[in-house]
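Comments concern the structure below.
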Amino acid sequence: MTNNWSDWQQYNDWHPDLDSFKETLDGGQAFCWEATDENTYQGIVANIPYCVRWEKPNKISWATHSSLFDEADALFGKYIGTENTYQRYYNVLPWRSDPHLEKCMARFPTLRILNQPSGETLLGFLCSAAKQIVQIKEMLSLIRERFGSEIVGNQKTLPSWDQLYAIDETALRECKFGFRAKNIKKTADLLHATPEILENLESQDYEIAKTTLSTLPGVGEKIADCVLLLGYQKLEAFPVDTWILKAMQRRYQLDDWNSKQVSHFGRRHFGSYAGLAQQFIFSWERKASRK
DNA sequence: TTCCAGGAAGTCG
DNA sequence: CGACTTCATGGA
């Protein structure tokens, strides 16, 4: 932190416990946050560098570069969401009739779904196929460093899809993208030729938007659902990855169900905010497995 | 060593 | 349809 940074700004529309705070920022929704100490993360969202700090009792504050303050202030609230919104979401989820969901929500009582920039959400989850979260973060860190635009200091954005269009597949592979490089290159080509594909996705219905996103090379059901949930705020999306598949089979006695069946079950069982329920279950299952 | 990771797409029966 | 392979790379 230099004197080019703003003062700490308290954010009063989220009062997370420490576990929910860490899980929300660095639990696999976003790949841009690095812990600088036990209670603080540093990261770049779109073109804004942030520090976010947790303090007792359940308060958070953020800081940014002074020259970007107004923009940062507007983006932060949108990124994190508000108390009223999440009280409504938590109230509507069917935890009263679902003991496992109730247990997961009790473990991370203030967990949120980050409202991320859609372009970088698409890039992040195109990188995510058959990769561990720590490796996805490394891939994105490499491409940010090599091909991002400078903001202030030595900090850089992720490359936009326009910028990705200009990067050849070899360079992507040198960022450890592996077989994902081809899909990302092909998606960048397609978006360059027909950029209107991503227009108005926010206002489209979930099913329509999902069909549209699925036309992109490398985007199947799971990645489409992640991009819709985290990049387009479609809370009814229910991404089924290997963790959720195993968790649902085990905790909901869906022993021989496949991903498509579990996806359908999740949306029907959890309702309008199934994606939030999914994140509770995902977080709980991963936490349970690590100890 | 072997298995698996916030999967998708192609092939085969 | 559904099951099986291939695709890079590295952690566990």
Side-chain angles (χ1 to χ4, degrees), chain A residues 22-33 104 108 111-114 116 118 120-143 167-191 210-232 234-235 237-251 255-264 266-267 270 274-291:
Chain A
K22 293 164 82 167
E23 184 65 22
T24 299
L25 286 188
D26 199 22
Q29 295 188 46
F31 308 107
C32 61
W33 296 104
C104 296
F108 297 99
L111 187 74
R112 292 196 175 182
I113 297 292
L114 296 171
Q116 303 178 59
S118 55
E120 60 187 60
T121 307
L122 176 60
L123 175 60
F125 282 94
L126 274 172
C127 292
S128 74
K131 273 295 180 192
Q132 297 184 144
I133 291 170
V134 59
Q135 295 176 303
I136 301 167
K137 290 174 72 168
E138 189 191 354
M139 294 156 68
L140 292 168
S141 173
L142 283 171
I143 200 168
I167 304 172
D168 62 50
E169 191 183 323
T170 304
L172 294 176
R173 284 177 184 269
E174 285 168 358
C175 295
K176 305 187 179 181
F177 279 35
F179 65 83
R180 302 152 201 83
K182 192 179 295 294
N183 287 333
I184 290 168
K185 183 63 188 159
K186 284 163 72 177
T187 289
D189 290 347
L190 183 58
L191 290 177
K210 185 169 177 177
T211 302
T212 305
L213 269 179
S214 299
T215 63
L216 299 175
V219 178
E221 277 218 38
K222 189 269 175 182
I223 291 179
D225 276 328
C226 284
V227 174
L228 289 169
L229 176 63
L230 302 166
Y232 290 95
K234 303 234 175 274
L235 276 290
F238 189 82
V240 178
D241 69 333
T242 56
W243 283 96
I244 289 294
L245 182 59
K246 282 182 286 188
M248 296 300 289
Q249 288 172 339
R250 178 165 181 194
R251 312 298 172 189
D255 296 310
D256 51 357
W257 291 42
N258 64 31
S259 297
K260 191 164 184 72
Q261 294 168 327
V262 167
S263 175
H264 184 258
R267 290 199 302 281
F270 295 115
L276 178 57
Q278 178 269 164
Q279 199 62 36
F280 278 116
I281 291 165
F282 177 82
S283 298
W284 188 91
E285 200 71 28
R286 281 167 48 84
K287 181 70 79 179
S289 79
R290 267 177 271 162
K291 55 171 193 173

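Here is how names work: the chains are called A, B, and so on, in the same order as the sequence lines, proteins then strands, and each is numbered from 1. Just so you know, these numbers use all the heavy atoms, side chains as well, and skip hydrogens, waters and symmetry mates.
Remark: the separation of the C1' atoms in C/dA8 and B/dC3 is 15 Å, to the nearest Å. Distance noted for atom C1' between B/dC4 and C/dT6: 16 Å (whole Å).
Under the Watson-Crick or G-U wobble criterion, with both distances below 3.5 Å, B/dT1 has no partner in any strand shown.
For B/dA8, the OP1/OP2 oxygens have no side-chain nitrogen or oxygen of A/Lys131 closer than 4.0 Å. Side-chain N/O atoms of A/Lys182 include none lying less than 4.0 angstrom from OP1 or OP2 on C/dC7.
Annotation: side chain of A/Leu126 is not in contact with side chain of A/Leu216 (no heavy-atom distance under 4.5 Å). Under the 4.5 Å side-chain criterion, counting only non-hydrogen atoms from C-beta, A/Leu140 is not in contact with A/Glu120.
Residue A/Gln279 places a side-chain atom within donor-acceptor reach of the base of B/dG6, judged by atom type and a 3.5 Å distance cut-off alone.
Rounded to an integer number of Å, the gap from A/Trp284 CH2 to B/dG6 P is 18 Å. Atom CE of A/Met139 is separated from atom P of C/dG10 by 11 Å (rounded to the nearest Å). A/Leu245 places its CG atom 13 Å from the P atom of B/dC4, with the value rounded to the nearest Å. The CD1 atom of A/Ile133 sits 14 Å away from the C1' atom of B/dC4 (whole-angstrom rounding). Rounded to whole Å, atom C1' of B/dG6 lies 12 Å from atom CZ of A/Arg290. A/Lys222 has its NZ atom 11 Å from the C1' atom of B/dA5, to the nearest Å. If you measure from atom CG of A/Leu114 to atom P of B/dG6, you get 18 Å, rounded to the nearest angstrom. Here C/dG10 presents its C1' atom at 16 Å from CZ of A/Arg173, a figure rounded to the nearest Å.
Comparing C/dC7, C/dG10, B/dA5 by their nearest atom to the side chain of A/Gln132 picks out B/dA5. Counting only heavy atoms from C-beta on, A/Gln135 has its side chain closest to C/dG10 among B/dG6, B/dG7, C/dG10.
With DNA chain B read from its 5' end, the first of the two nearest nucleotides for A/Pro217 and A/Lys246 is the one closest to A/Lys246. Closest-nucleotide positions on DNA chain B for A/Cys226 and A/Asn183 were compared, and the one nearer the 5' end corresponds to A/Cys226. Residue order along DNA chain C, read from the 5' end via each residue's closest nucleotide, puts A/Ala130 first among A/Ala130 and A/Val134.
In this structure, A/Ile167 and A/Lys185 approach most closely via the heavy-atom pair O-NZ, 3.2 Å.
In this structure, A/Phe177 reaches neither bases nor backbone, as no heavy-atom distance under 4.0 Å exists between it and the strands shown. Looking at heavy-atom distances under 4.0 Å, A/Gly218 makes contact with sugar-phosphate atoms alone, never a base. As judged by a 4.0 angstrom heavy-atom cut-off over every strand, A/Val240 is placed among residues making no nucleic acid contact.
Stacking between A/Phe282 and B/dG6 is shown: the ring centroid lies under 5.5 Å from the centre of the six-membered base ring, and the planes differ by under 30°.
Put simply, the side chain of A/Thr24 gets close to the backbone of A/Arg112: a donor and an acceptor are under 3.5 Å apart.
Checking each of A/Gln278, A/Gln29, A/Glu23 against A/Ser283 for a side chain to side chain donor-acceptor pair (under 3.5 Å) leaves exactly one that passes, namely A/Glu23.
Using a cut-off of 4.0 Å between Lys/Arg side-chain N and Asp/Glu carboxylate O, A/Lys176 and A/Glu138 are scored as salt-bridged.
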